[in-house]
Amino acid sequence: RVVDNLSSLLRSIGASEKVFQSMDLLPSNQFLSKGKQCLVISWTGGVKLQRLMGHIQFVNVSFHYPSRATVPVLDHACLTVEANEVVAIVGLSGSGKSTFVNLLLRLYEPISGQILIDGFPLKELDIRWLREKIGFVGQEPHLFHMDIKSNVMYGCPRDLKQEDVEWAAKQAYAHEFILSLPHGYETLVDDDLLSGGQKQRIAIARAILRDPAILILDEATSALDSESEHYVRGVLHSLRNDNETKRTIIIIAHRLSTIKDVDRIVVIDGGQIVEIGNHRELLHKNGLYARLVKAQTESWD
Ligand code: ATP
C-alpha cells in the first residue's frame, strides 16, 4: 500500500511527527515504537468504545519532548472539552498549541498527568481505532496526484456517491472553487493547482467524509488572508449548525478573527493555560487574548 511504503521510506530518513502532520497522515504505532522510545509501544489493541462522544480531558498534564528534556512544554495543564464543543487554541508561536494535539493523537505520552477521552484513559484506548475517529487536518495537508474527487474520497469506503463527496466539499467550503477548476471534481491535482487554503479545504472535506467524532484543524498560516478567514469561519459555521454532523472541533487558530464565534477559546502561554472563555469574555478580561487581538487588528490596519 502507498501509505505503508511511504511510512517505511520516511522511517528510513528519520522523519518526525511534524512531517506526518504536514502530510495529513498519522503514523502507525509500530512505526512510532521504533522511532521514539517515549511513544506508544504496544500493538496489542486496547479498549474500543461503542461510540465515541468526543469528550476530552487533560488532567494536570506535564510534558517535554524527549530530545529536550530540560525544556518543559506543558506544565500541569488542565483542560476539559465537552462533546460537540468547538474550542480554539491560541497563543504565540512555540507556546505549545500543537503539543496539545500531539498528545491527544498519542504521538507522545505525557510525562505526568492523564488524558481522558469520554472518561477513559487515552492510553487504554485502542489507538488505531481512536485515530480513525479523529479527523486531523494539518497546515499543509498532503494531496495525492489523483483527481479532486479521489483526493476527497481518499481513505473512505469506495461505494460513496458523487453527492456524498459534494456534500462534504460544500461543508468544507470547497465545492465552488472545485467547480471553477477546468474539469471540476475530475481535475487532476498537481503541484501548482491549488493554494494552501484550497488544499486545506480539500483535506477538511476528506476529514468530514470520514465522519470523525473529533475534528482537529490546524489553521494554515500560509493562507492567512481574507480567503482563509472566510472559509475557516464558514466551515466552522456550517459544521456547528448541522445537527447531523455535530462533533467536537478543536481549531489551532493563528488568525484570531476566524474564531470569534467558537464556544471557548483556550489561551496558552509558555505551556500554561492562562485564559479560557469566549471571545467577548476574553476581550473584557483584557489579558493576553485581548493583547493578541489588538496586535493583529493593528497589523491589518
Ligand atoms: P506554532 O504556532 O509556531 O506552531 P505552537 O504553539 O504550536 O507553535 P509547539 O509546536 O507545541 O508550539 O511547540 C512548543 C515548544 O516545543 C516549542 O518550544 C518548540 O520548539 C518545542 N517543540 C515542538 N516540537 C518539538 C519536537 N518534536 N522536539 C523538540 N521540541 C519541540
(message) How long is the straight-line distance from CG of N60 back to CG of L74, given to the nearest 0.5 Å?
(response) 11.5 Å
(request) Return the orientation label for the F58 and F100 ring planes: parallel under 30°, perpendicular over 60°, tilted otherwise. (result) tilted
(message) Once rounded to the nearest 0.5 Å, what's the spacing between atom CD of E124 and atom CG of L116?
(response) 9.5 Å
(message) Tell me if the CD atom of E163 is crowded by more than 12 foreign heavy atoms within 6.0 Å.
(response) yes
(message) Under the rule for side chain to side chain donor-acceptor pair (under 3.5 Å), what residues qualify as partners of S95, not counting sequence neighbours?
(response) none
(request) May I ask you to test the F136-I250 pair for a side-chain heavy-atom distance under 4.5 Å? (result) no
(request) Could you tell me whether the side chain of P212 reaches within less than 4.5 Å of the side chain of R247, counting heavy atoms only? (result) yes
(message) Within the 4.5 Å heavy-atom criterion, are V101 and I252 side-chain neighbours or not?
(response) yes
(request) Is it possible for you to say whether I89 and Y65 belong to one hydrophobic cluster, with membership spreading through side-chain heavy-atom contacts below 4.5 Å? (result) yes
(message) Donor-acceptor pair, distance only, cut-off 3.5 Å: does the side chain of K199 make one with the backbone of L194?
(response) no
(request) Report whether V73 and V59 are members of the same hydrophobic cluster (ILVMFWY, side-chain heavy atoms less than 4.5 Å apart, transitive linking). (result) no
(message) If hydrophobic clusters are built from ILVMFWY residues whose side chains come within less than 4.5 Å, do F120 and M53 share one?
(response) no
(request) Starting at CG of L209, measure out to CD of Q171 and round the result to the nearest 0.5 Å. (result) 10.5 Å
(message) To the closest 0.5 Å, what do you measure between CG (L92) and CG (L288)?
(response) 6.0 Å
(message) Is it the case that the side chain of Q200 and the backbone of D218 share a donor-acceptor pair, with hydrogens and angles ignored and the cut-off at 3.5 Å?
(response) yes
(message) Rounded to the nearest 0.5 Å, what separates atom CD in E132 from atom CZ in R210?
(response) 7.5 Å
(request) Compute whether any side-chain donor of one residue and acceptor of the other, for T99 and N102, lie under 3.5 angstrom apart. (result) no
(request) Please answer whether the main-chain N or O of N84 pairs with a side-chain N or O of T248 as donor and acceptor at a distance below 3.5 Å. (result) yes
(message) So, using side chain to side chain donor-acceptor pair (under 3.5 Å) as the criterion, who are the partners of K149 when residues are at least two apart?
(response) Q162
(request) Kindly compute the distance separating CD1 (I273) from CG (L79), expressed to the nearest 0.5 Å. (result) 4.5 Å
(request) Find out whether V90 and V266 are in side-chain contact, i.e. whether some heavy atom of one side chain is under 4.5 Å from a heavy atom of the other. (result) no
(message) Quick check: is L188 connected to L143 through a chain of hydrophobic side chains (ILVMFWY, heavy atoms under 4.5 Å apart)?
(response) no
(request) May I ask you to test the F144-V189 pair for a side-chain heavy-atom distance under 4.5 Å? (result) no
(message) Give me each pair satisfying side-chain hydrogen bond (donor to acceptor under 3.5 Å, both in side chains) with a member in residues 262-272, each pair once, sequence neighbours excluded.
(response) D75-Q272, E85-R264, R240-D263
(message) Quick one: does any side-chain atom of Q296 pair with a main-chain N or O of V293 as donor and acceptor, under 3.5 Å?
(response) no
(message) Main chain of S112, side chain of S62: is a donor-acceptor contact present, judged purely on distance under 3.5 Å?
(response) no
(request) Go through the structure and list residues passing side-chain contact (heavy atoms from CB on, under 4.5 Å) with L52, not counting sequence neighbours. (result) L49, I117, D118, W129, L130, K133, A213, I214
(message) Can you confirm whether F63 sits close enough to E109 that some side-chain heavy atom of one is under 4.5 Å from a side-chain heavy atom of the other?
(response) no
(message) Looking at N151 and D147, would you say the former's side chain and the latter's main chain have a donor-acceptor pair under 3.5 Å?
(response) yes
(request) If a pair satisfies ring pair (Phe, Tyr, Trp, His ring centres under 6.0 Å) and one of its residues is in residues 175-210, list it, with sequence neighbours excluded. (result) H175-Y185
(request) Can you run down the ring pair (Phe, Tyr, Trp, His ring centres under 6.0 Å) pairs that involve residues 255-285, sequence neighbours left out, and say none if there aren't any? (result) H279-Y289
(message) Whether the side chain of R106 engages the backbone of I127 through a donor-acceptor N/O pair (distance < 3.5 Å, no angle test) should be reported.
(response) no
